[in-house]
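Step one of this worksheet: look at the structure below.
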Amino acid sequence: MYSAHHEPHFSNRNNWLRATVLGANDGLISTASLLMGVAAARVDSHTLLLTGVASLIAGAISMAAGEYVSVSSQADTEKADLAKEAYELEHNSDRELKELTHIYVQRGLTPVMAHDVAVALTAHNALEAHARDEIGLTDTASANPLQAAVASALSFITGALLPVLCIWLLPKQYLVGGLGTVTLIGLAFLGWLSAYLGGAKIFPAIVRVVIWGVVALVTTNLIGEMFGVKTG
């Protein structure tokens, strides 16, 4: 925590940070878990590598599409709210001014001061004032579908590349153990990075993502062992 005195806030990163962290974690956990299960089923190396590449490509496209659709829905809702507010300002300006004044009174201003502030902000940009203080919309918090989609796809690929490279580079006898170890190290790093960029506590961020990684890896490994190819 430091200030001297311009203060860049962590919340300004929310749009891309959420999508990036979600994409990287999903790419790493889902791809590694899938490969762990398939490897435990004792398939050949070529099939294993093909599975990893297919998972990477399909997952990246799925993440991008999902983020774009969901954030587009959020953006549509925001536009509808702004259109409704613009209509009210045009047809019921007095009520809207009273509504804005009441908001500022609730925040601690005296009625006279709240009225003066509401009048000044209405004169400056009425729609902006109501969007920010009544609805809670700002430029930094507004939905950006394309930004979220690109961030999710690229981060998913970044996360998924780690287990795919493990499959490609590790000797067969060390494959399952090496894949699990590298995946958990990667998840710990992502937990640290997300906490660092978001200004959160580092240890809880690392622990929660590593625990879920262990659950996913162990579960898929057991399923692969149960339903895999019988040898010997």
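In this structure, L89 is not a member of the same hydrophobic cluster as L97, with clusters built from ILVMFWY side-chain heavy atoms closer than 4.5 Å. Two different hydrophobic clusters hold V210 and I185 under the rule that ILVMFWY side chains link at heavy-atom gaps under 4.5 Å. Under a hydrophobic-cluster definition in which Ile, Leu, Val, Met, Phe, Trp and Tyr are linked whenever side-chain heavy atoms come within less than 4.5 Å, directly or via other members, L50 and V176 are assigned to different clusters. Hydrophobic clustering (ILVMFWY, side-chain heavy atoms < 4.5 Å, transitive): L184 and V164 are in one cluster. Under a hydrophobic clustering in which Ile, Leu, Val, Met, Phe, Trp and Tyr are joined whenever their side-chain heavy atoms come within less than 4.5 Å, directly or via other members, L121 and M113 fall into the same cluster.
Looking at T31, its side chain never comes within 3.5 Å of a backbone N or O of L28 through a donor-acceptor pair. Judged by distance alone, with hydrogens and angles left aside, the side-chain atoms of S93 form no donor-acceptor pair with the main-chain N or O of E90 at under 3.5 Å. A donor-acceptor pair under 3.5 Å links the side-chain atoms of T183 to the main chain of L179, judged by distance alone.
Counting all heavy atoms, side chain and backbone alike, S155 lies closest to G23 at OG-CA, 3.3 Å. Here the closest heavy-atom approach between residue I29 and residue A216 is recorded as CG2-CB, 3.8 Å. In terms of heavy-atom proximity, G191 sits nearest to I206 at C-CG1, 4.0 Å. C166 approaches L175 most closely through the heavy-atom pair O-CD1, 3.8 Å. The heavy-atom pair separating A40 from E225 by the smallest distance is CB-N, 3.9 Å. The shortest non-hydrogen separation linking K201 to A195 is O-CB, 3.7 Å.
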(request) Any chance you could lay out the side chain to side chain contact (heavy atoms under 4.5 Å, CB included) test for L217 and N221, step after step, and finish with the verdict? (result) CA-CA 6 Å; L217 292 172; N221 182 265; over 6 Å; no

(request) Let me see the working for T122 and L100 under side chain to side chain contact (heavy atoms under 4.5 Å, CB included), right down to the final yes or no. (result) CA-CA 9 Å; T122 298; L100 199 60; 3.8 Å; yes

(request) Using the side chain to side chain contact (heavy atoms under 4.5 Å, CB included) rule, take T220 and L34 through it: C-alpha gap first, then chi angles, then the decisive distance, then the call. (result) CA-CA 7 Å; T220 53; L34 175 63; over 6 Å; no

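In this structure W212 satisfies the ring-ring contact (aromatic ring centres under 6.0 Å, His included) test with no other residue, sequence neighbours excluded. Applying the salt bridge (Lys or Arg N to Asp or Glu O under 4.0 Å) test to R208 and every residue at least two apart in sequence or in another chain returns nothing. Shown here are the salt bridge (Lys or Arg N to Asp or Glu O under 4.0 Å) partners of D26, two or more places apart in sequence or in another chain: there are none.
Separating the CE atom in M36 from the CD1 atom in I167 is a distance of 8.5 Å, to the nearest 0.5 Å. Atom CG of D76 sits about 6.5 Å away from atom OG of S72, to the nearest 0.5 Å. In this structure, NE2 on H102 lies 11.0 Å from CD on E134, to the nearest 0.5 angstrom. With values rounded to the nearest 0.5 angstrom, L127 atom CG is found 10.0 Å from E96 atom CD. We find the CD1-NE2 distance between I103 and H130 to be 7.5 Å, quoted to the nearest 0.5 Å. Taken to the nearest 0.5 Å, the NZ atom of K84 stands 12.0 Å off from the CG atom of L82.
Residues in residues 173-183 take part in no salt bridge (Lys or Arg N to Asp or Glu O under 4.0 Å) pair, two or more places apart or across chains. Listed by first and then second residue, the ring pair (Phe, Tyr, Trp, His ring centres under 6.0 Å) pairs that reach into residues 68-87 are Y87-H91, sequence neighbours excluded. Applying the ring pair (Phe, Tyr, Trp, His ring centres under 6.0 Å) rule to pairs touching residues 144-179 yields nothing, sequence neighbours excluded.
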